[in-house]
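Dropping a structure here in structure tokens format, bear with me for questions.
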Amino acid sequence: QTSKSYKCWLQYDAVVNQQRKEEYSVIAKVISKQLDSPAADAAAAELKMAFESMLGIHAEVKHEKPEAGVLLSIAESADYLTDEGFEIKKEGSRLLITGKTDKGLLYGAFHLLRGMQTGEPLAKIEGIQNPANPLRMINQWDNIDGSIERGYAGASIFYENNEFTKDLGRIQDYARLLASVGINGVSINNVNVHKIETDMITSVLLPDVAKIADIFRQYGIRLFLSVNFASPIELGDLKTADPLEESVRQWWKNKAEEVYTYIPDFGGFVVKADSEHRPGPFTYGRNHADGSNMLAEALAPFGGLVIWRCFVYNCMQDWRDRKTDRARAAYDHFEPLDGQFLDNVILQIKNGPMDFQVREPVTPLFGAMPKTNQVIEFQVTQEYTGQQRHLCYLVPQWKEVLNFDTYAKGKGSAVKQVVDGSMYEYKHSGIAAVSNIGNDENWTGHTLAQANFYGYGRLTWNPELSSEDIAKEWISQTFGPDESMQQVISHMLHDSWPIYESYTAPLGVGWMVNPEHHYGPNVDGYEYSVWGTYHFADCNGIGVDRTIESGTGYTSQYFKENERYYNSIDTCPDNLLLFFHHVPYTHVLKSGETVIQHIYNTHFEGADEAANLVETWCSLKDRIDPQRFDAVLKRLEEQAEHSKQWRDRINTYFYRKSGIEDKQKRTIY
Ligand code: GCW
């Protein structure tokens, strides 16, 4: 497939600027590659393909050094490069791309192509780059039946009908997209490991898994598998999965050895244990250090990692119990274990303490475990942020989280310094996220949701990139050089999270969605449920009291500065007020409005702004190819319509609860 929507940001359109075309053409005639390795070959192949379509030049790929051309070479002793870093340098008519390993060459090649696609002169493409985060990971929540948990872009590209796909070409294209933004790890099956998938670590499915690993290896990406903690039982070998039982430990050691015979550079296991009815160490009265260390010991001889998720909470809560607070759970379970984990265990922690809501504070666990490797988990797939039917550009949200000051080591202790491993010199660390792709023609359902995929990868490589720069890069590669068009789309992207928040999640309240599928408004959808997800709205007020004095004490999990900031109603920011405090509807916000009036205002405004997105997009008709223009238009129209549902359901609910009229007397039902 070669449609524009399929190609995403790797369009490789013909260069129209004559000056640039001449400059690029000088270096594009020959690609010299001084080594043979899967990643070096992939780098050369990508350059060859791109030069052909951007410049009409059929470059030769050679071993020897040419007078003019791109030179891919390895400099093992380059101490200014990390294993994945690269340098790009012009020397006369040659452009040198140097890496310490072949992965650097691949990233260098994609960097060159990004620069060319965005029309940069070669002088601006030159330079040295090293990735900020060692682990830059994508988690697929794909099931072998072809479905994707929380997937909004079609079915799996990996599986269909309980088998691995035969369409390996699409997986290779996925690997190209991932590598082009610097992703170096992928787990290919859902963290909820069902029956058939449990066999992915046996000889039944390992040959298929190995084929996928071969593809990803070419693109510098290590393959990981999600495993079932109860595998020794599920696979019929043992009667227990107790991590302190010798037979179980030996079982996993044998298992690791077996996996590595198929995939010598296997990344390791991703584990969801004791979470939402998945098995785990709690069954045996053991803790999460016991559980993860057992797997870590098995993988250690082969250099494998255990990525252990901290999404552990009571999902059978009684809504009448006001003392248990789900937001506390990850910290309460894991912080006391600091120092007990082996050094190839990494804790994977969701960005917020609840679950990928539109607005949440940052988890207090970041920075609180100096002796334990940590990885942050984001959700690119838009489970609670519009399911790729509404526009919601998430890069600004992720940046807010990464820049959040934990105060772990005093002022200036940002989350990004925890996860890049610099704050505590972790052995392993980085960023992971749940993928938003499926087998839809455009990969992401909403074409503009490709920006989240792109932006996520770019941020893992360099969290200092601004959200605007990322958007600009993405738009210009995806839609071309028309600058006024670029500005329009960038504005749409940057307005989109605030717009979505304004009609769905006022002042830090979450969960006002339909149960199970999580699409569309339902204020009490999760209010009397077992999930620990409440807003406590009554006729007087709304919000969750998480203060130390009168609430759940969640605020005390933060370092002092943040504890004070959130615990006091005077300093707590408006956008998280109802996450931390229960207040009357008449409470006056820092903005000067009352809570109830704020709810009304933002819902009316949000729906209006959603309608404006349609008009704004229409202003680009004829400047975007019809296929992508129409596809986006359709989604935006659905969003505009659906945002009115949100507006009216939420406004009506709170009007009926509070009995307080809208000052502006707009229609509430
Ligand atoms: O938010 C919840 C999702 C589940 C998901 C779980 C998790 C994979 O609704 O679908 O399960 O989070 O992160 O484990």
Side-chain angles (χ1 to χ4, degrees), residues 5 8-9 118 138 150 152-153 177 181 351-352 356-360 378-403 431 433-437 440 442-479 485-505 575 602 605-606 609-617 619-620 624 628-629 631-640 642-643 646:
S5 38
C8 295
W9 53 91
T118 51
I138 273 284
R150 311 307 174 187
Y152 310 107
L177 288 166
V181 291
N351 62 272
F356 302 134
Q357 298 300 292
V358 182
R359 173 74 61 181
E360 281 188 61
F378 290 122
Q379 198 185 40
V380 188
T381 195
Q382 291 171 238
E383 179 175 2
Y384 292 97
T385 51
Q387 304 199 352
Q388 282 136 258
R389 291 151 84 172
H390 294 233
L391 182 62
C392 196
Y393 177 55
L394 290 166
V395 172
Q397 185 192 68
W398 301 328
K399 282 201 63 91
E400 236 176 73
V401 174
L402 291 169
N403 288 333
I431 308 188
V434 186
S435 158
N436 69 343
I437 69 105
D440 276 1
N442 66 359
W443 299 87
T444 55
H446 204 309
T447 302
L448 300 185
Q450 292 175 357
N452 286 331
F453 175 6
Y454 181 85
Y456 166 68
R458 295 289 289 141
L459 269 190
T460 66
W461 182 275
N462 180 7
E464 303 306 324
L465 291 172
S466 76
S467 159
E468 290 75 17
D469 286 345
I470 291 174
K472 193 168 171 8
E473 281 181 3
W474 175 74
I475 300 163
S476 98
Q477 293 172 87
T478 304
F479 291 111
M485 170 274 291
Q486 291 177 4
Q487 275 167 21
V488 171
I489 298 181
S490 181
H491 277 130
M492 291 177 68
L493 292 178
H494 284 95
D495 290 345
S496 64
W497 176 39
I499 293 175
Y500 194 74
E501 180 175 20
S502 69
Y503 61 78
T504 61
N575 63 12
T602 51
E605 286 157 15
E609 285 164 6
N612 289 340
L613 287 174
V614 178
E615 270 181 52
T616 309
W617 182 252
S619 75
L620 298 177
I624 303 234
R628 291 187 296 179
F629 178 84
V632 171
L633 179 60
K634 253 191 158 153
R635 302 262 161 168
L636 293 173
E637 281 169 350
E638 174 179 353
Q639 174 178 2
H642 197 231
S643 69
W646 274 99

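Values in this document were obtained by computation on a predicted structure and should not be read as measured data.
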Which pair of heavy atoms, one from Ile499 and one from Ala610, lies closest together, and at what distance?
CG2-N, 4.1 Å
Any donor-acceptor pair under 3.5 Å linking the side chain of Arg635 with the backbone of Gln388?
yes
Short side-chain to backbone donor-acceptor contact, Asn452 and Cys392, under 3.5 Å:
yes
Ignoring hydrogens and geometry, is there a side-chain-to-backbone donor-acceptor pair from Trp617 to Phe629 under 3.5 Å?
yes
Can you name the nearest heavy-atom pair linking Ala451 to Leu493, along with the distance?
CB-CD1, 4.2 Å
Does Trp497 form a side-chain contact (heavy atoms from CB on, under 4.5 Å) with Val358? I'd like the steps, not just the answer.
CA-CA 8 Å; Trp497 176 39; Val358 182; 3.8 Å; yes
Starting at CG of Leu177, measure out to CZ of Phe453 and round the result to the nearest 0.5 Å.
5.0 Å
Trp443 (side chain) donor-acceptor with Ser5 (main chain) under 3.5 angstrom:
no
So, Gln450 side chain and Trp474 main chain: donor-acceptor pair closer than 3.5 Å or not?
no
Hey, could you give me the CD/CD distance between Gln357 and Gln379, rounded to the nearest 0.5 Å?
9.5 Å
Note: Lys399 and Pro463 closest approach over all heavy atoms is NZ-O, 2.8 Å
Applying side-chain contact (heavy atoms from CB on, under 4.5 Å) to Tyr152 and Thr381, what does each step give before you reach the verdict?
CA-CA 7 Å; Tyr152 310 107; Thr381 195; 3.3 Å; yes
Exam field: side chain Ser490 to backbone Gln487, donor-acceptor pair closer than 3.5 Å
no
Are Ser643 and His390 close enough that a side-chain donor and a side-chain acceptor fall under 3.5 Å?
no
What distance do Thr616 atom OG1 and Glu609 atom CD have between them, rounded to the nearest 0.5 Å?
10.0 Å
Flag the pair Tyr384 / Thr504 as yes when at least one side-chain heavy-atom distance between them is below 4.5 Å, and no otherwise.
no
Contacts of Asn575 that satisfy side chain to side chain contact (heavy atoms under 4.5 Å, CB included) - sequence neighbours left out:
Arg359, Glu501, Pro573
Pairs in or reaching into residues 463-478: which pass salt bridge (Lys or Arg N to Asp or Glu O under 4.0 Å), with residues at least two apart or in two chains?
Lys416-Glu464, Arg458-Glu473
Would you check if the side chain of Gln639 reaches a backbone N or O of Leu391 as a donor-acceptor pair within less than 3.5 Å?
yes
Indicate yes or no: at least one non-hydrogen side-chain atom of Leu402 is less than 4.5 angstrom from one of Ile431.
yes
Spell out, as yes or no, whether a donor-acceptor pair under 3.5 Å connects the side chain of His642 to the backbone of Glu638.
no
Glu615 (side chain) donor-acceptor with Ala611 (main chain) under 3.5 angstrom:
no
Separation between OG of Ser476 and CE of Met485, rounded to the nearest 0.5 Å
8.0 Å
Measuring only between side-chain heavy atoms, which start at C-beta, is Ile489 closer than 4.5 Å to Ile624?
yes
Between Trp9 and Val181, is a side-chain contact (heavy atoms from CB on, under 4.5 Å) present by the stated rule, with each step listed?
CA-CA 10 Å; Trp9 53 91; Val181 291; 4.0 Å; yes
Going from NE2 on His446 to CG on Leu636, what distance comes out if it is rounded to the nearest 0.5 angstrom?
4.5 Å
Check against side-chain contact (heavy atoms from CB on, under 4.5 Å), Phe378 and Leu394
CA-CA 10 Å; Phe378 290 122; Leu394 290 166; over 6 Å; no
Check: Gly386 main-chain N/O paired with Tyr500 side-chain donor or acceptor under 3.5 Å
yes
Under 4.5 Å between any side-chain heavy atoms of Tyr393 and Ser467, yes or no?
yes
Heavy atoms only: give me the nearest Gly455-Ile470 pair and the separation to one decimal.
CA-CG2, 3.5 Å
If you look only at pairs with a residue in residues 378-387, which of them pass as a salt bridge (Lys or Arg N to Asp or Glu O under 4.0 Å), with sequence neighbours excluded?
Arg150-Glu383
